[in-house]
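The structure appears right after this line, and notes come after that.
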Amino acid sequence: MCGIVGYIGEQNATPIILNGLKRLEYRGYDSAGVAVLEDGEIQVRRDAGKLGRLFTLVDSQPVAGKLGIGHTRWATHGEPNARNAHPHMGATGEVVLVHNGIVENYLELKDELQAEGVTFNSDTDTEVIVHLVERYLSQDVDLEQAARQALNQLQGHHGIVMFSSRQPDRIVAARIGNAGGVVVGFGKGEMFVASDLPAILEHTREVVFLESGQMAVVSREGLAMNGLDGQSLDYQVDTVAWDPVAAEKGEYRHFMQKEIHEQVRSLTDTIAGRVDFDNSRILLPDLNLDADFARQIEKIFIIACGTAGYAGMVGKTLIERIARVPVEFDIASEFRYRDPLVTDKHVVLAISQSGETADTLAAMAEGRARGATLWSIVNAVGSQAMRIADGHITMQSGPEIGVASTKAYTAPLVDLYMLAILLGDLRGVLGEDERRALVAELRMVPEWASACLERESEVLAVAEEIADMEHCLYLGRGINTATAYEGALKLKEISYIHAEGYPAGEMKHGPIALVDADMPVIAIAPRDPWYEKMISQIEQAKARGGKVVAVATEGDTVIPTLADHVLWVPETPWMLSPVFTVIPLQLLAYHIASLRGLDVDQPRNLAKSVTVE
Ligand code: AGP
């Protein structure tokens with residue numbers, strides 16, 4: 001997902017924008033640029049590659065001014081090079097803009113503009129927008145009206161920020177659909193615009209998140225919000241609780257390692273304030289859930305992508321087992337195209353760290369269109385998935401910067417466990433004793449997570465043994481099948497090793513043909529209802545010469561006699577076991593990727609939030 005930063009005020013905009021872009025690096029990009037109004041002229045500096053190149057360019061060709069915008073681009077249309085990097089100017093040099101999203105009708109717009117004699121200087125879809133704005137600006141309307149006329153011609157999802165040398169007292173920003181957020185930050189005599197909070201948090205915590213279809217006119221004095229039809233809109237200023245330091249690496253080498261170790265804190269925070277331990281009750285007020293509504297729910301569809309999807313798979317087991325509500329799980333990008341049988345007696349529950357994933361938002365829209373109630377479990381406060389839902393649960397994990405999701409996987413697992421208890425309680429299917437027992441287990445969650453993290457050196461030793469492997473199988477059963485998928489995803493996305501998660505029971509139906517001395521098998525075998533089945537899996541893999549790394553419960557005396565290596569987790573209730581069996585797998589993937597000298601926090605080809613379909 002691209003990054004946007006804008007500034008208007010009395011300071012030099014250039015360093016504010018460049019440092020803001022640096023805080024958005026984690027989103028993944030392949031070119032970057034900045035545009036600043038200097039002595040009445042728009043000056044642009046942009047280059048392919050990482051921000052270091054842009055910093056060098058700005059050092060060699062300095063630019064300074066009190067109004068500017070910047071961008072980190074993830075190439076969709078046009079090579080990642082200086083020519084296609086944002087910001088983009090039109091023919092007059094009086095308008096400059098940056099853009100997140102895809103102009104789905106850009107070819108026809110480009111043809112139309114070229115027929116009017118417009119010359120294009122890039123291969124991007126974005127460039128059509130700035131030429132459209134110039135077309136309307138030449139008709140003696142102000143920048144906001146010109147922008148509105150241009151944006152009303154675009155198809156697709158967009159986040160756009162622009163300014164003009166003709167009206168140097170304002171920045172115009174707009175959001176259409178779900179191409180990543182646009183947030184306005186309030187300073188004293190200065191204002192900020194960004195695509196995500198970390199870019200501006202060191203300057204302000206008073207922010208307004210744009211909704212889809214909103215246009216912000218930002219001046220030194222403040223903000224005017226309008227719809228794309230021009231009508232004036234009210235807005236709500238949110239105060240962000242996040243600590244900007246939380247978005248720093250601290251003493252860790254990578255954000256991912258820091259965030260793995262933050263799980264004691266993030267699990268504590270996701271539980272805090274939500275459990276009345278005295279009365280063994282769960283409190284999720286933002287869900288807007290009462291007993292009447294809980295009782296009439298006939299089915300819940302859980303939809304998500306990637307890691308969030310695997311959390312959803314665990315959620316299906318938890319909600320069905322505890323609350324006795326039928327649950328279907330769908331990968332979000334499949335849900336909307338399978339004509340799902342959704343009614344107004346159903347809930348569509350989206351899980352998303354960023355809350356901006358296009359596939360997930362589109363699946364939510366599909367659920368809404370079919371009459372379902374929308375819930376979401378999100379980490380990014382103010383994100384679209386939070387704002388469009390009828391009820392939500394925040395993960396409370398703090399900013400997750402590493403592209404590979406870790407704490408934003410374990411937090412929703414606990415949120416889903418709490419949701420299941422609340423639903424079972426409200427539907428009257430959970431006995432007092434069972435509810436008290438389930439709630440009581442939550443007290444130990446941070447301690448169990450800490451116990452897993454204390455064994456990092458043992459995981460590192462195993463990583464050193466298998467770091468040069470080229471393939472790997474992750475096997476799990478029951479509630480830990482999702483752990484196998486998630487463990488494999490962690491490894492493949494940061495170490496580029498071909499790793500595959502598989503339901504262990506399926507091995508005999510073909511995949512066991514893969515197992516030999518060159519195919520390590522990671523077997524997730526805690527003391528849960530499927531333990532015996534996993535023992536047999538480990539024996540079958542060993543019988544074929546496979547090297548087995550087992551995740552096992554402390555005190556197990558059988559598995560050490562079978563497996564080549566054991567990664568230990570504490571004894572926990574099986575319904576919470578996925579929170580802990582995943583931690584050694586997160587650490588294993590992290591250390592293997594580090595040993596292979598790879599860019600752990602920004603793996604190739606990946607973005608932190610996928611805001612395009
Ligand atoms: C997980 O490590 C990946 N970064 C990716 O699968 C991610 O979980 C997925 O894109 C969903 O993102 P979201 O949680 O922000 O919706």
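Both counts, for ligands and for their atoms, begin at 1 and track the order of listing.
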Exercise for the section: Can you spot which of V381, I200, V237, T239 makes a side-chain contact (heavy atoms from CB on, under 4.5 Å) with V207? Expected result: I200
Fill in the blank from the handout: At a 4.0 angstrom heavy-atom cut-off, ligand 1 is contacted by C305, G306, T307, A308, S352, Q353, S354, T357, V403, A404, S405, L489, K490, E493
For [Y], is there an ion pair with [X] - N to carboxylate O distance below 4.0 angstrom?
X: K608; Y: E400; value: yes
X: R477; Y: D528; value: no
X: R368; Y: D390; value: yes

Exercise for the section: Using ring pair (Phe, Tyr, Trp, His ring centres under 6.0 Å) as the criterion, point out the one residue from W574, W568, Y409, W448 that pairs with F580. Expected result: W448
Problem - Pairwise side-chain contact, T406 with Y590, heavy-atom cut-off 4.5 Å (strictly under) - result: no
